[in-house]
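Scroll down for the structure; my scribbles are underneath it.
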There are 2 protein chains.
Amino acid sequence: MTNMKDIAKIAGVSSATVSRVINNNGYVSHITRQKVESAVEKLDYVPNSQAISLKKGATKTIGIIAPNITETITVLVKNFTLAAQKKGYTVILYLTENDPKKELNALELMRSKQLDGIFLIIRSNDWSTIESYTKYGPIVTWQRVKSPCISSVFIDQYDGYLLGLEHLYANGCRTIINLYSDIRRLNTKSRIKAYEYFCKKYDLTPHSPELFNNINSIQDGEHIAHWLANQEIKPDAFMTSSDAVAAGLVSQAKRLGYSLPEDFSVIGFDNIEISHLLDITTIDYSIHKQAENAFKMINNDLSLQKLTPEELDFTLIVRKTTK
Amino acid sequence: MTNMKDIAKIAGVSSATVSRVINNNGYVSHITRQKVESAVEKLDYVPNSQAISLKKGATKTIGIIAPNITETITVLVKNFTLAAQKKGYTVILYLTENDPKKELNALELMRSKQLDGIFLIIRSNDWSTIESYTKYGPIVTWQRVKSPCISSVFIDQYDGYLLGLEHLYANGCRTIINLYSDIRRLNTKSRIKAYEYFCKKYDLTPHSPELFNNINSIQDGEHIAHWLANQEIKPDAFMTSSDAVAAGLVSQAKRLGYSLPEDFSVIGFDNIEISHLLDITTIDYSIHKQAENAFKMINNDLSLQKLTPEELDFTLIVRKTTK
DNA sequence: TTGTAAGCGTTATCAC
DNA sequence: GTGATAACGCTTACAA
């Protein structure tokens, strides 16, 4: 491969001068610049990025770590990547499949100087383990976390969740079932709080959160449809924590012969493509902006050129699964 | 940051010996190995991967290039990434948004030694332009291409398409409309051929391919539903080239009051999650295996340890949009 | 079995 | 304005 020395030789200058030309750095006379540039052209020269990274101690590469690629995560990955590319960063995708060891491998990439920063969408290890890697570079997460060194693009979903519950109430629903993703998570705890406040406000009897815990996937949603079919007394609405769950529930319920919103109502969460396709009422909370904010936060840690994060908000998207 | 010299100093050996220990390379006495290992432990040392890459002239990094992340591409990205990780490779994701310049930037990453190989899912530049980059490393694509230097995991979709058409015929459909993605593409040309053969076989009058060209997205599928609503004489089936198109068509048609398969039939292509959710009959052609094969081909070009690609095949998945 | 030293391709600090 | 030259952190002949 042709390198700086080759260019220097052809152009009749030193490699220091070549470097100056390439990087527009320091004083170079017009004439030498031209000589160098034509040599670059002639030899079809491109600087070796490994050498630059080694020298500079930075790679202009950021890692995205996630357990797998769900539709929601796709939105995050896509918008983060686009934002990063726009600022000259390159993005590495690392899938952990929820294996803490694989996550560790990914974190090690930052320690071994292959990554300048990390967007850890969903973690697998303890926060304390992850925290110990922040000394090698910035880590931003999508999850809710209270840590002095890990930033988060999380927004408390209390308000968003309440938005959905109020909509159900306004449309006559009084026995609402909440499908929670993981009651140990702070995110879910906010939802539970919103539900409890809501029940108190309208004098309804809340159901225990434990009854519907760990409902996460499309399949889980489908199971709920079957569960519903077996109930004597049926609830009149489901409030979910993701469009995926809502999609599974809605599509399976239709297969079982139910019609929505006549038989019962369902509200999703995320406003991803699938909720549009299945006409599911949902809560939008601008995931794409979260992704961009994640990049901005990492960028601000790495670069002097600061980017200001955008404000996030909730919107209720009324479709055909609620009255 | 602590480096080899530091370890060497602490362990009382030369950095060459440290290297041997780290890489299990060459003869090292048990006792020195232990000294080195404890020094590594003590200083919490990790080798700098930039230095290794520079020295070795390879990065163990492969790029995935795609215009954006659709659901189908997600399957490709996911399985490729997992296969690559399993073999110790790291994966870079580069989104081009169909901008040839951005694709060029991504290809340049290989030229500048940041990438060892590339999985170019869908291209934006001319094949000849892309070919010129194969001298810097292997390029494998998902698209159909006849090139001496670019490999492809493509499979001719003639058989798969015919599978769908025959199914429609068997269920009484006689006026079938084909929604093509891009009639200039070889892939589509195979579909057209299958359709023509099919028409001749059953003595049906084929419609011109130009009538339904460039139908690619969910939105395009939705438009077709509207088009259908305005027709006096309605076709009795749609054969599509992707589940996305089928999904848009089916969901919009339902919104417009049609019921499937009573009013008409629809067959998708890909068998991605969405076709399951919407109960769309579709053609499966094991995209995940294609992704794995793509990695294997790149690996085989890069490494001495050869991996054998898997055979691919088509399966008709009958669901609720055909009789 | 271990050490020396050249080199991978840059950048950046000095001189001149 | 430009050129030496010393890093950056590692691998690998070649010696010893």
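If you're wondering where the values come from, they're calculated on a predicted model, not measured in any experiment.
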For nucleotides 8-16 of chain D, give me one character per nucleotide, 5' to 3': B if any protein heavy atom sits under 4.0 Å from the base, S if the only such contacts are to the sugar-phosphate, - if neither.
BBBBBB---

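- Bending across the helix from dT1(C)-dA16(D) to dC16(C)-dG1(D), expressed as the angle between its end axes from five pairs apiece, amounts to 40° (10° rounding).
- The neighbour count for R185(B) CZ, taken as heavy atoms of other residues, nucleotides or ligands under 6.0 Å away, is above 12.
- V13(A) comes within 4.0 angstrom of sugar-phosphate atoms only, judged by non-hydrogen atoms across all strands, and of no base.
- One atom, CD of Q50(A), and another, C1' of dG7(C), lie 16 Å apart when rounded to the nearest Å.
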Side-chain donor-acceptor contacts of residues 33-41 of chain B below 3.5 Å, not counting sequence neighbours, with atom names and distances?
from	atom 1	to	atom 2	distance (Å)
R33(B)	NH2	N24(B)	OD1	3.0
S38(B)	OG	K35(B)	O	3.1

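- Remark: N25(A) pairs with no residue by the side chain to side chain donor-acceptor pair (under 3.5 Å) rule, at least two apart or across chains.
- Scanning for salt bridge (charged side-chain N to carboxylate O under 4.0 Å, His left out) contacts around K78(B) gives an empty result, with sequence neighbours left out.
- Contacts of T32(B) with the nucleic acid, taken as non-hydrogen atoms under 4.0 Å apart, involve only primed sugar atoms and P, OP1 or OP2.
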Applying side chain to side chain donor-acceptor pair (under 3.5 Å) to Y94(B) and E103(B), what does each step give before you reach the verdict?
CA-CA 8 Å; Y94(B) 208 101; E103(B) 183 175 275; over 6 Å; no

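- With hydrogens and angles ignored, the 3.5 Å screen pairs no side-chain donor or acceptor of D126(A) with any backbone N or O of T129(A).
- With I118(A) as the partner, the side-chain contact (heavy atoms from CB on, under 4.5 Å) test is satisfied by one option alone out of I130(A), I62(A), L107(A), T141(A): L107(A).
- Sorted by first and then second residue, the pairs that involve residues 36-81 of chain B and meet ring-ring contact (aromatic ring centres under 6.0 Å, His included), not counting sequence neighbours, are F80(B)-F119(B), F80(B)-F295(B).
- Distance Y27(A) OH to dA12(C) P: 16 Å, rounded to the nearest Å.
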